[in-house]
**Q** 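Before I ask anything, let me first share the structure, which is written out below as structure tokens.
Residue numbers start at 1 and run along the sequence shown. Side chains included, hydrogens not; waters and symmetry mates left out as well; all remaining heavy atoms used.
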Amino acid sequence: MWISVVGLGYLGAVHAASMAALGHRVVGVDVDEARVESLASGRAPFFEPGFDELLSQVGGTGRLSVTTETAAVEGAGVHFVCVGTPQRADGYAADLTYVELAVSGLVPHLAPGDVVVGKSTVPVGTAARLAAQVEAAGATLVWNPEFLREGFAVKDTLHPDRIVYGVPDGEAGVRAAGVLDEVYATPLSEGIAQVVTDYATAELVKVAANSFLATKISFINAMAELCEVAGGDVTRLADAIGFDERIGRKFLNAGLGFGGGCLPKDIRAFMARADELGAGEAVAFLGEVDEINTRRRHRMVELTGQVLDGEVTGKRVTVLGAAFKPNSDDVRDSPALDVAARLGEAGADVVVHDPQAIDNARRKAPALRYEPDLETALTGADAVLVLTEWQHYKDLDPHWAGDLVAQAHVLDGRNALDRDTWLTAGWTYRALGRR
């Protein structure tokens, strides 16, 4: 099929290349000239494992083209909208500017029978409102939420764990669902779970899933707060309750909490939309989920001060990790970078290391000092904070690192290290939720 993808950021770029890999002809459109130029040359504009290889794979097929001209979508039968919905500057609500511009920009180029597919995460009610514009051009709107995990985006696109369609009632919805079945024929042939439902449910699926994950993460971090004052060990607590199959062990790793471009802004937008609909009390608990998440960052700064005898001013603090999670260069709402910035504001001499995210971190927090060489970053440190659980840090030799630092204090913000190994090597070890 001939497909267009509007928006070539993290979601759209991976989606466009993946659709080409599935055998479709794809044209991608974005207003960012540098991003388009990078993709046109076969280079990923961001770090994502496997994405460069995917671009190389489809590059020789001629099935993927990218441009800044929206008119290039004319003739395609399926149009994916993959633009961002950031948090508004004046509150918690989602900013739908880019979605609305993308749809209005598509309308003049639509033909009767075309299918417009929204993948962006939007507040419930958005699809029903936009559908009228699309229908006026003789096309049909479907909402097809994305469920990508950074670090696994290529796999999640080519081999998703579920595919959801939100379609209108009647024959138009049946036909549009059939068209998308053709687009996703390969993953559907693998037996992927499929849900065909209404617009509102499809819009709610993504924010409900993210809210549940955020709640689970904040729950175990709340337990970490209790463990710290009661003398318990949150990792053993998580192991024990995780054996209950109703609960499970995944997402029960206590630490700095969640960040990135999805979970924080999505749960806030969910709360804002629920308030608008008069159902704010139903999701009021998400306010505490968000607050628990923020408290973990403050607690990490406090813990650093405790290890350094109550004073961080003038102390050399090495922060290992700037990305919000490993296998990503994304620093949006990164807990690691937030803690580093707070320590810098408190007077610490902060040095930040990250295998992939230094350039993005420098743009986000230019006042901090960044060091791409790990040995140099560790040399002379009074405290080492492991704040992003890159495998490189988990495998760090504590004896080698101990010979470099000024004081052997390690603070494990992700409970990612082997505590006994570091203690045996002569380090003082502190972690959130553990004695």
**Q** Quiz question: by atom type and distance under 3.5 Å, do the side chains of Q87 and Y92 form a donor-acceptor pair?
**A**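 No, no side-chain donor-acceptor pair sits under 3.5 Å.
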
**Q** Give a yes or no on whether F285 atom CZ has more than 12 heavy-atom contacts from other residues, nucleotides or ligands under 6.0 Å away.
**A**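 Atom CZ in F285 is packed in, count exceeds 12.
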
**Q** Within the 3.5 Å criterion, strictly below it, is a donor on D95 or T97 matched to an acceptor on the partner's side chain?
**A**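 There is such a pair (donor and acceptor under 3.5 Å, judged by atom type) between the side chains of D95 and T97.
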
**Q** What's the spacing between N415 CG and T235 OG1 if we round to 0.5 Å?
**A**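 Here the interatomic distance stands at 6.0 Å.
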
**Q** If you take all heavy atoms of F324 and R414, which pair is closest and at what distance?
**A**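 Heavy atoms only, the tightest pair is O-NH2, 3.9 Å.
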
**Q** Heavy-atom count around Y184 OH within 6.0 Å, excluding the residue itself: above 12?
**A**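 Enclosed.
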
**Q** Measure across G257 and P335 and return the closest heavy-atom pair with its distance rounded to 0.1 Å.
**A**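 Closest heavy-atom pair between G257 and P335: O-CG, 3.8 Å.
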
**Q** Side chains of K364 and S334: is there a donor and an acceptor less than 3.5 Å apart?
**A**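 S334 and K364 do not have a side-chain donor-acceptor pair below 3.5 Å.
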
**Q** Walk me through whether K265 and T85 qualify under side-chain hydrogen bond (donor to acceptor under 3.5 Å, both in side chains).
**A** CA-CA 9 Å; K265 64 98 174 173; T85 53; 2.9 Å; yes

**Q** Would you say the side-chain atoms of D330 and Y10 include a donor-acceptor pair closer than 3.5 Å?
**A**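 Short answer, no.
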
**Q** Hey, what do you get for CG (L343) to CG (L387), rounding to the nearest 0.5 Å?
**A**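 Those atoms lie 8.5 Å apart.
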
**Q** Do T201 and D198 get their side chains close enough for a donor-acceptor pair, meaning under 3.5 Å?
**A**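 A pair is found: one side chain offers a donor N or O, the other an acceptor, under 3.5 Å apart.
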
**Q** How long is the straight-line distance from CD of E302 back to CZ of R297, given to the nearest 0.5 Å?
**A**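 Reported to 0.5 Å precision, the distance equals 15.0 Å.
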
**Q** Are Q391 and D395 close enough that a side-chain donor and a side-chain acceptor fall under 3.5 Å?
**A**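 Indeed, the side chains of Q391 and D395 share at least one donor-acceptor pair under 3.5 Å.
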
**Q** For W390 and N327, does a side-chain donor sit closer than 3.5 Å to a side-chain acceptor?
**A**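 Result is no, nothing qualifies.
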
**Q** Quick check on the 6.0 Å ring-centre criterion: do Y393 and H353 meet it?
**A**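 Here the rings of H353 and Y393 have centres that are less than 6.0 Å from each other.
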
**Q** Just do the side-chain hydrogen bond (donor to acceptor under 3.5 Å, both in side chains) check on Y370 and D359 with the steps written out, would you?
**A** CA-CA 9 Å; Y370 298 91; D359 289 343; over 6 Å; no

**Q** Going by atom types alone, do E146 and H15 pair a side-chain donor with an acceptor below 3.5 Å?
**A**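 No, H15 and E146 have no side-chain donor paired with an acceptor closer than 3.5 Å.
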
**Q** Kindly give the heavy-atom pair with the smallest separation between L39 and A13, and that separation in Å.
**A**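 Of all heavy-atom pairs spanning L39 and A13, the closest is CD1-CB, 4.1 Å.
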
**Q** Between N253 and E389, does any side-chain donor sit less than 3.5 Å from a side-chain acceptor?
**A**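 Per modelled atom types, N253 and E389 side chains form no pair under 3.5 Å.
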
**Q** Quick check on R88: does its CZ atom have over 12 non-hydrogen neighbours (other residues, nucleotides or ligands) under 6.0 Å away?
**A**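 Incorrect, the count does not exceed 12.
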
**Q** Distance from S18 atom OG to L54 atom CG, nearest 0.5 Å?
**A**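 These two atoms lie 5.0 Å from each other.
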
**Q** How many angstroms lie between atom SG of C82 and atom CG of L148, to the nearest 0.5 angstrom?
**A**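 These two atoms lie 9.0 Å from each other.
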
**Q** For Y98, look at atom OH and say whether over 12 heavy atoms of other residues, nucleotides or ligands are found less than 6.0 Å away.
**A**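 For Y98, atom OH is not crowded (no more than 12 foreign heavy atoms under 6.0 Å).
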
**Q** For residues A16 and L8, report the shortest heavy-atom separation together with the two atoms involved.
**A**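 Minimum heavy-atom separation between A16 and L8: CB-CD2, 4.2 Å.
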
**Q** Starting at OG of S4, measure out to CE of M19 and round the result to the nearest 0.5 Å.
**A**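 If we round to the nearest 0.5 Å, S4:OG and M19:CE are 12.5 Å apart.
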
